[in-house]
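Okay, so here's the structure we're looking at.
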Number of protein chains: 2
Amino acid sequence: MQDKINDILKKNHLSITEARKKILALFWESGNAMAHGDIEQKSSEEFDRVTIYRTLQTFVEKGIIHTIPTADNSVRYALCKDECGAGHHHDDHVHFICDDCGTTYCIDEVSVPKVKLPKGFKAAQTDLVISGTCNKCEQ
Amino acid sequence: MQDKINDILKKNHLSITEARKKILALFWESGNAMAHGDIEQKSSEEFDRVTIYRTLQTFVEKGIIHTIPTADNSVRYALCKDECGAGHHHDDHVHFICDDCGTTYCIDEVSVPKVKLPKGFKAAQTDLVISGTCNKCEQ
DNA sequence: AATATTTTGCAACAAAGTTGCATTGTTGTA
DNA sequence: TACAACAATGCAACTTTGTTGCAAAATATT
């Protein structure tokens, strides 16, 4: 896995540092989306808050991760698929946020339906965010 | 218009205060969605920040306004249609955020398509937010 | 008009995010 | 491998955003 992570960083012309390796690994391991706070906790204060902010920002710019909008003012981040590149995000899958456990899922199976907009409106990015109960919290 | 505003407040069992009247009027006049900051500016510091926070919170609870999630960590608020009531929001329309001018529109003409989720996932609310260029910024 | 109830503003605080700069770590080259 | 050039990090200080408790003011109720 370490190799995979180094590859991603190299491909994006980023120098390989402890913070970047660790944070990327966290995304990889968790599988789900994470908020800034989650990362801060999971890295057990190994890095400065500022470093985490800057690392996330860099990753978004390079198209390694993407943001997921939420209604509660807490942006989350998730790994992008391979098709995403610097400045171009292609995350046309649905995001699901569990109201119970707070987990954010990327529902890759479902793709975002095309929407016809009124005249003059040009879509650049489409975010479909569904909240409710996930399959673990549902009994 | 003042009557309409008073009606809305009465219907929702809210006492009629300057702050509530003014903030509701702002939503009515602007037509578009507003972030907390917009309201603070447009009311030209007539009210305390705290009052605005609490008023918005109350309005959301009563179903007078609804939140629109955005990818940049700045939740916006917009007037609900009549069908919305306390605790029940029915805002199945698309939201559009212009990357140029920042305006947030409620695209009432388009309704959010139903999405089939994997087993065990139960949807409570669906938000479809599209960003791009609006009909005013598009030349 | 007088009292009970809500709402507001203030102050103090907590959390989230940003910026500049010196120090440290990383990279490419000799 | 050692060195210089460059980039990333940590620290401190700060700004912005959001929250809470409480006394004062406004609103509603009788």
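Here is how names work: the chains are called A, B, and so on, in the same order as the sequence lines, proteins then strands, and each is numbered from 1. What you see below is based on every heavy atom in this structure, not just the backbone, and it leaves out hydrogens, waters and symmetry mates.
For the pair Ile39(A) CD1 and dA16(C) C1', the interatomic distance rounds to 14 Å; values are reported in whole Å. Between the P atom of dT5(C) and the NE2 atom of His13(B) lies a distance of 18 Å, rounded to the nearest Å. Whole-Å rounding puts the Leu14(A) CG to dG25(C) P distance at 19 Å. dT17(D) atom C1' lies 14 Å from atom CD of Gln57(B), rounded to whole Å. Counting to the nearest Å, the P atom of dT7(C) and the CG atom of Leu9(B) are 11 Å from each other. Here dT6(C) presents its C1' atom at 13 Å from CD1 of Ile16(B), a figure rounded to the nearest Å. Distance OH (Tyr53(B)) to P (dG21(D)): 17 Å, rounded to an integer number of Å. Across the protein-nucleic acid pair, Lys21(A) atom NZ and dA8(D) atom P stand 15 Å apart, rounded to whole Å.
Between His66(A) and His95(A), the two ring planes are tilted [angle within 30° to 60°].
The two atoms that bring Thr104(A) and Asn32(A) nearest to each other are O-CB, 3.2 Å, heavy atoms only. Summarising the geometry of Val129(B) relative to Pro69(B), their closest heavy-atom pair is CG2-O, 3.5 Å, with the distance given to 0.1 Å.
Positionally, the nearest nucleotide of DNA chain D for Ser15(A) lies more toward the 5' end than for the other of Arg49(A) and Ser15(A).
A donor-acceptor pair under 3.5 Å is absent between the side-chain atoms of Asn12(B) and the main chain of Leu14(B), judged by distance alone. Counting only distance, with no hydrogens or angles, the side chain of Thr70(A) and the backbone of Ser74(A) share a donor-acceptor pair below 3.5 Å. A donor-acceptor pair under 3.5 Å links the side-chain atoms of Thr58(A) to the main chain of Arg54(A), judged by distance alone.
Side-chain contact of Thr55(B) with Arg20(B): a donor-acceptor pair under 3.5 Å is absent, judged by distance alone.
Rounded to 10 degrees, the angle separating the terminal axes of the helix from dA1(C)-dT30(D) to dA30(C)-dT1(D) is 40°, with each axis obtained from five end pairs.
Here the straight-line distance linking atom CZ of Phe96(B) with atom SG of Cys106(B) works out to 13.0 Å at 0.5 Å rounding. Here the OH atom belonging to Tyr105(A) is positioned 3.0 Å from the SG atom belonging to Cys134(A), to the nearest 0.5 angstrom.
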Under 3.5 Å between N/O atoms: give me all the protein pairs with nucleotides 8-10 of chain C, atom names plus distance.
from   : atom 1 : to       : atom 2 : distance (Å)
dT8(C) : OP1    : Thr17(B) : OG1    : 2.8
dG9(C) : OP2    : Asp48(B) : N      : 3.2
dG9(C) : OP2    : Thr51(B) : OG1    : 2.4
dG9(C) : N7     : Arg54(B) : NH2    : 3.2
dG9(C) : O6     : Arg54(B) : NH2    : 2.6

